[in-house]
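First comes the structure, then the notes that go with it.
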Amino acid sequence: MASGRDELLAHYEKMFEIRRFEEEAARAYAQSKIGGFLHLYIGQEAIAVGTNAALTDDDYVFQTYRDHGIALARGMSPNAAMAELFGKDAGCSRGLGGSMHFFDVENNFLGGWGIVGGHLALAAGAAFKSKYTEDGRVTVCFFGEGSTNIGGFHEALSLAGLWKLPIVFICENNQYAMGTPMSRTSPLDDLTLKAQGYGMQGDRFQGYDVRTVQERVGLAVKRARRGEGPTFIEVETYRFRGHSMSDPAKYRSRAELEERKKKDPLVIARDLLKEAGVGDEQMDEIEERVEAAIDACVKFAAAAEPAKEEVMWDTVYATDLSTKRGAGR
Amino acid sequence: MASGRDELLAHYEKMFEIRRFEEEAARAYAQSKIGGFLHLYIGQEAIAVGTNAALTDDDYVFQTYRDHGIALARGMSPNAAMAELFGKDAGCSRGLGGSMHFFDVENNFLGGWGIVGGHLALAAGAAFKSKYTEDGRVTVCFFGEGSTNIGGFHEALSLAGLWKLPIVFICENNQYAMGTPMSRTSPLDDLTLKAQGYGMQGDRFQGYDVRTVQERVGLAVKRARRGEGPTFIEVETYRFRGHSMSDPAKYRSRAELEERKKKDPLVIARDLLKEAGVGDEQMDEIEERVEAAIDACVKFAAAAEPAKEEVMWDTVYATDLSTKRGAGR
Amino acid sequence: MRELRYREALREAMIEEMDRDDRIFLMGEEVGHYQGAYKVSEGLLAQFGEKRVIDTPIAEAGFAGVGVGAAMVGLRPIIEFMTWNFSFVAFDQIISNAAKIHQMSGGRLKVPVVFRGPNGAAKQVASQHSHSVDPFYTNIPGLYVVMPATPRDAKGLLKAAIRCEDPVVFLEGETLYNVKGDVPDADEEEVIPLGKGRIAREGSDCTIIAWGRPYYTAMAAAEQLAAEGTECEVVDPRTLRPLDTDLMIESVRKTNRCVLVHEHWPYGGPGAEIVDRIQREAFDHLDAPILRVPALDVPMPYATNLEELVLPTTQRVVDAVKRVTYA
Amino acid sequence: MRELRYREALREAMIEEMDRDDRIFLMGEEVGHYQGAYKVSEGLLAQFGEKRVIDTPIAEAGFAGVGVGAAMVGLRPIIEFMTWNFSFVAFDQIISNAAKIHQMSGGRLKVPVVFRGPNGAAKQVASQHSHSVDPFYTNIPGLYVVMPATPRDAKGLLKAAIRCEDPVVFLEGETLYNVKGDVPDADEEEVIPLGKGRIAREGSDCTIIAWGRPYYTAMAAAEQLAAEGTECEVVDPRTLRPLDTDLMIESVRKTNRCVLVHEHWPYGGPGAEIVDRIQREAFDHLDAPILRVPALDVPMPYATNLEELVLPTTQRVVDAVKRVTYA
Ligand SMILES: Cc1ncc(C[n+]2csc(CCOP(=O)(O)OP(=O)(O)O)c2C)c(N)n1
Ligand SMILES: Cc1ncc(C[n+]2csc(CCOP(=O)(O)OP(=O)(O)O)c2C)c(N)n1
Ligand SMILES: [Mg+2]
Ligand SMILES: [Mg+2]
């Protein structure tokens, strides 16, 4: 077990990797090397990294379309991630999924989902399997505060609460659902008031300090692993960019954004490390290592083979059908 | 305004009418004069009658497929109700809807719905209209305790709570969803724990004494009419028959049923009336009047014209299309 | 061979497969303690216990999603919809998740889940409970859609569906559950491959294509027509996606005429799809337009006299065959 | 006439109708303060206020149901789905409620609600966000299904949809919102009747039927073929339910050949339905099988090189026309 300081250094490095990865992705998007929807996680990195630190490699993780951060935190290589954004065969989903649909089975990152509320029941299903096979795993499912009004949220939490599934539901309350502040979509301020309606534990905290996230999520994960059932967690956070690349985020003021940036999880971690006596050269070393990796992943993605037609056909059905190519025709 | 005694007499007469109507419907079903699903309300009559007494004629009411009781309580004629069960043109839905789909626009009874959770949003829509047009109406929406885990419940309550719609959600907890006791479908005992998750008021009481129902629902209706938003009410009740005619209800013991029958709302009302000094002859008079009406409605339904083919075609679309007859062809 | 009811054949298929592979479980409303709304799963709870026969709350989107999620990580769920009408609240789980995951993940995940339950009209259950869902699910690549008419096909195809590595939409029929028919003895295991149709009756004058309950309507019409000297070939595709196109084309090439019978609404669906394939691949062999005998284009009315008008009848099939054979 | 973008034409239709009738309101995600995810409703909040332009939480089944319920009691809602992909979680509200209420109530209630939003693939938004939903909704009696290709049709048909007494599924196109075209001047009100198609281009050699974005693919193919001496007649049904069958039949009776272009998956849907009607009603006039140029039968991949393979192209249409004209 690494000392707190080394662990925090590792967390900082991962958060910095995520930040830089997405900054480069945004640049590539502007250059039309990436298409479709691109939802950035910038500002929320402490939640992905802190949560991952509370999990084992065997635990399952589900996320929305805002999935680059957790994918990298789980251990996906920047190469596989960037190649996916570029629509290449070397991508984590072989160029078929894109930004919203990252998958990394080896690291038990199970997507990458585009329909609001649609993946919560899937996560409950993975947790159901863990209970069924007694494999000792815990499932973590992330979603946004805007996803708490939809039926998929309710049904998944109802079943998880009823069956005491080993799962932790983490609501990343980044204050907006596209252009809509929560004040316009919920009469509640504290979303954990919903937890008892599902007979489950609730917890609520700020997600700016990666250590806090790791600790509080850790408590819920332990409860789940002990068979004491699910937890509904609301984490306060903020996204610094628009909902997706096409959103200029006119609905909030510069001042609000600047204010929020004071709680940038990377700045907070950097300050803590300084306090802990980590010197500039050590920080520079880390940042150079990350810069090199990000630089390399962009080159790798640009040079990689495009997604393949035969893969498109061969993945419609897993069963090897004679009729596989166009079963519909 | 009738004195308490006369009012209770009127309530008793209506409850007795509902009881006898359904007993005759069950008989006709056994004789195959009625087909499809037939869900009886027997044992729950105090809720329909008490609730209706708390409403004005202009208020809107929605119910599940277990809808005979509230339809009659709203003022539907036994003739129109029984004719519908018999599939006749004189039925409240012209023989097209059947038992599960009673409608009575004149009395603002808006169905009669077969999909669990599916009608709650419709009821919220009616309440939305009242807020939009400031027509001063309140909407009441009934559903069973088994319907509280489905997405339709969650989304309707979320929107009603957010928009403070003039609506009262009444959960008739009759202990079972088909063959399933609530203990197998919810970790909760008190369903009103869900109310605060929607930022709404909750209330919970026993629904055996029609006066209690009228009073407690009345409080929620007043709140709604004053613009103070929706209420989620859980009423304890019990159905004496199976879920539908095809259900022998093997999942509960005779003893349990007998125990529950001691709280039969008709028995309770009858006792109260006796205490209040209502004599047997007066009771007999009421019951004879009801018997005559029920007897007549069965004869009426049997003799009525069958549902008509042209009505079936003409009601697919309200717009008068040349293509009306089989727009799909 | 022995005679079994369609319901019993389905039950046997589940029991045999669950015995073989303990990753398989059955989940749905009233499947356990109540023994199944239509008694298909009668006895399964006693045999396999609450771990593998799971009663759910009324939350189709939730438990359909749980099935898909569990399949993603290695289990083999059988998800029962009390009726397919209730799959509409779970529609997104099937089209956006079940059917997409294998491809969306670049082939890295698969979803061996079976969704099953009764499809189509029962008797007087009215418009919200009488949907034929085959037009919706057959449109979707990534899904298999199966609709057996006989007890033998019900058992053999359900076993194949449970063994399939992809999501399967398995459409039964409430009015078929009591139908009796020959089924191979317990010791002769029969797994009927998905995607293969069956010639139920040979004939040279006209091909009648039908699946599910209308298969019986088609057979009855064929009998009646035979008595009048018209020999119909009855083809049951059994699997609607993928379709056994070759079998149908071959038959039409022989008879030069074709009539379809189906309970789904007229617009689109397998009915129109099969017509399209035949006119495209047997154009020069057709001596008459292909006709369809579908349900009428209306929501299902409750009244029994109207319901009878809406559903395909033997007489309507006979008339259609006479029109295409210019008899 | 003046030139408007498809997006502006839709906006004008809503503004004109909302001005005329204050029972009409617009409800959906981001339609108000955000001015619409695709800016169709830009400015409407300022003009009509929060009472009539209502931002909703993410709860499609909920607000679709609210729209249906409000319509039952006299309002005339316009419900926007940010995209039609998200209608799948509201599918039951549309099929089991909106489409059934008029009949189920014996004709006593009606549901004048419009469901609108972009349908089909946009650009690289991958499999969960690229659905063409026309095959699902066209199957359902009780619904109108409209899919305009041009700004003029978008405005005229949306006005008709808003005035319709029945539920209307109104399918726009994200990639069409910026398309420009002639639209009658503001003072010349045009309401285009539902159920009527349009001959977009006259020709005698082959009929090409296309709706939505593929209409432009069809027109481009027709141009290219004309240069090579093949004159195609392009027919846009505009409304998919009910279909203007006569218009299409008439054209095919003239050209004796037909090709369809559509973005929905191949199996079933309006594509197969139109083929069925033509082979049935113009059987003796067909000199070749009817061919379809649909999207490929796969979930939509993200990679742009693959997405281009999946969607219909001018070249595929040209090839199909050549095959049916034996050119
Ligand atoms: C069912 C459904 N409806 C609408 C959308 C469009 N949509 C995508 S993300 C989003 C906002 C979600 O906000 P939130 O849940 O807070 O997550 P965040 O984007 O803030 O991380 C919406 C409306 C969708 N993907 N799925
Ligand atoms: C979405 C959906 N799923 C399943 C059903 C089948 N079904 C009809 S009633 C019922 C039980 C409902 O129980 P509850 O809500 O307690 O109402 P009750 O019948 O007790 O009045 C079920 C499962 C349905 N109609 N709709
Ligand atoms: Mg958010
Ligand atoms: Mg109940």
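Computation of the quantities below employed the complete heavy-atom set of this structure, encompassing side-chain atoms and omitting hydrogens, waters and symmetry-equivalent molecules. Throughout, protein chains are lettered first and strands after them, A, B, ... in sequence-line order, and every chain is numbered starting at 1.
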### Task
Assess whether side chain to side chain contact (heavy atoms under 4.5 Å, CB included) is satisfied between A/Thr180 and D/Glu29, documenting all intermediate values.
CA-CA 9 Å; A/Thr180 307; D/Glu29 294 156 8; over 6 Å; no
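- The two residues A/Phe37 and D/Val125 make their nearest non-hydrogen contact at CE1-CG1, 3.5 Å.
- When all heavy atoms are compared, the tightest approach of D/Pro57 to A/Asn149 is CB-ND2, 3.5 Å.
- Across A/Ile150 and D/Ile58, no two heavy atoms sit closer than the pair CB-O, 3.3 Å.
- Across all their heavy atoms, D/Pro299 and A/Val316 have their closest contact at CD-CG2, 3.9 Å.
- Looking at A/Lys308, the atoms closer than 4.5 Å to chain D (heavy atoms on both sides) all sit in the backbone: N, CA, C or O.
- For the pair A/Asp247 and D/Tyr34, the tightest heavy-atom approach, listed with the atom from each and the gap, is OD1-OH, 3.1 Å.
- Highest contact tally toward chain A, considering only D/Lys123, D/Glu60, D/His129, is held by D/His129 [criterion: heavy-atom pairs under 4.5 Å].
- Heavy-atom neighbours of chain A within the stretch residues 301-312 of chain D, taken at a separation under 4.5 angstrom, comprise D/Pro301, D/Tyr302, D/Ala303, D/Asn305, D/Leu306, D/Leu309, D/Val310.
- Atom CZ in A/Arg184 sits 7.5 Å away from atom CD in D/Glu30 (nearest 0.5 Å).
- If you measure heavy-atom distances from D/Phe63 to chain A, you find no contacts under 4.5 Å at all.
- A/Tyr251 OH to D/Gln35 CD: the interatomic distance, rounded to the nearest 0.5 Å, is 13.5 Å.
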### Audit row: A/Val116, D/Phe86, side chain to side chain contact (heavy atoms under 4.5 Å, CB included) steps and yes/no
CA-CA 9 Å; A/Val116 164; D/Phe86 314 139; over 6 Å; no
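- Listed in order of number, the residues of residues 94-102 of chain A that approach chain D to under 4.5 Å between heavy atoms are A/Gly95, A/Leu96, A/Gly97, A/Gly98, A/Met100, A/His101.
- Rounding to the nearest 0.5 Å gives a distance of 12.0 Å between OH of A/Tyr65 and CD of D/Gln128.
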#### Entry: Full working for side chain to side chain contact (heavy atoms under 4.5 Å, CB included) between A/Ile115 and D/Phe88
CA-CA 10 Å; A/Ile115 304 301; D/Phe88 296 150; over 6 Å; no
